[in-house]
K.L.:
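Got a structure here, written out as structure tokens. Questions coming.
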Amino acid sequence: MVFNNETPIYMQIINQIKLWIFSGKYKMDDKLPSVRELASEINVNPNTIQRAFYELEKEGLIKTEKTIGRRVTTNQSLILKEKRKLAKAKTKQYVQDMVGLGISKEELIKYLKEEIENGNSKM
């Protein structure tokens, strides 16, 4: 992972784990790496991973089972709800950025279609 200075690292890790869940890298009920494994893999302090896991557990996206470790929730409707929430937030930010550039609604739709048709997205 490449971190930016604008957002706390634990929040960036939360967002990355969410993307891994939403994209299917981690499927429902998959076991997550341990705190130490993930900290070593992405080169951060284990306390940072612990905090990210804690927040994800509060949101219900992961659960901790004694003896087994952390797993992705089996609540598919929660995963879909959170995925839609993230998609809407990213869409809103993109539209705001384009409006800030003076891009019209028609141009925005044209750019999106071009991007999809040129194969620059994995749709």
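What you see is a predicted model, and the numbers here were worked out from it, not measured in a lab.
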K.L.:
Are any of the side-chain heavy atoms of I49 and Y10 separated by less than 4.5 Å?
P.N.:
no

K.L.:
Hey, what do you get for NZ (K81) to CG (L61), rounding to the nearest 0.5 Å?
P.N.:
10.0 Å

K.L.:
State whether the side chain of T91 and the backbone N or O of A87 hold a donor-acceptor pair below 3.5 Å, judged by distance alone.
P.N.:
yes

K.L.:
Measuring from I42:CD1 to I13:CD1, what's the distance to the nearest 0.5 Å?
P.N.:
4.0 Å

K.L.:
Show your working on side-chain contact (heavy atoms from CB on, under 4.5 Å) between V99 and K105 and close with a plain yes or no.
P.N.:
CA-CA 8 Å; V99 168; K105 177 180 168 184; over 6 Å; no

K.L.:
If I compare all heavy atoms of T64 with all of R70, which pair ends up nearest, and what's the gap?
P.N.:
OG1-CG, 3.5 Å

K.L.:
Does atom CD of Q96 have more than 12 heavy-atom neighbours from other groups under 6.0 Å away?
P.N.:
yes

K.L.:
Are side-chain heavy atoms of I17 and L38 found at a separation under 4.5 Å?
P.N.:
yes

K.L.:
Can you check whether K63 reaches E65 side chain to side chain, under 4.5 Å on heavy atoms?
P.N.:
yes

K.L.:
If Ile, Leu, Val, Met, Phe, Trp and Tyr residues are connected whenever their side-chain heavy atoms lie under 4.5 Å apart, and connections chain through other members, are Y94 and I116 in the same group?
P.N.:
no

K.L.:
As an exercise, state the distance from CZ of F53 to CG of L56, rounded to the nearest 0.5 Å.
P.N.:
7.5 Å

K.L.:
Rounded to the nearest 0.5 Å, what's the gap from CD on E117 to CG on L112? Could you check?
P.N.:
11.0 Å

K.L.:
Let's go through S104 and E107 carefully: what are the C-alpha distance in whole Å and the side-chain angles of both, what is the deciding distance for side chain to side chain donor-acceptor pair (under 3.5 Å) to 0.1 Å, and is it a yes or a no?
P.N.:
CA-CA 5 Å; S104 70; E107 287 176 297; 3.3 Å; yes

K.L.:
Should I109 and V95 be regarded as members of a common hydrophobic cluster, given that ILVMFWY residues are connected when their side-chain heavy atoms come within less than 4.5 Å of each other, either directly or indirectly?
P.N.:
no

K.L.:
So how far is it from Q93 CD to M98 CE, rounded to the nearest 0.5 Å?
P.N.:
9.5 Å

K.L.:
Can you find a heavy atom in the side chain of I62 that is under 4.5 Å from one in the side chain of T73?
P.N.:
no

K.L.:
Are any of the side-chain nitrogens in K18 or E59 under 4.0 Å away from the carboxylate oxygens of its partner?
P.N.:
yes

K.L.:
Which atom pairs, donor and acceptor, lie under 3.5 Å between side-chain atoms of residues 22-29 and protein residues at least two apart or in another chain?
P.N.:
residue : atom : partner : partner atom : Å
S23     : OG   : L19     : O            : 2.9
S23     : OG   : W20     : O            : 3.3
K27     : NZ   : G24     : O            : 2.8
D29     : OD1  : R71     : NE           : 3.3

K.L.:
Side chain of N47, backbone of Q50: donor and acceptor closer than 3.5 Å?
P.N.:
no

K.L.:
Hey, is the main chain of I14 close enough, under 3.5 Å, to the side chain of E55 for a donor-acceptor pair?
P.N.:
no

K.L.:
Between OG1 of T48 and CG of N43, what distance do you get to the nearest 0.5 Å?
P.N.:
11.0 Å

K.L.:
For the OH atom on Y54, are there more than 12 heavy atoms of other groups (residues, nucleotides or ligands in this structure) within a distance under 6.0 Å?
P.N.:
no

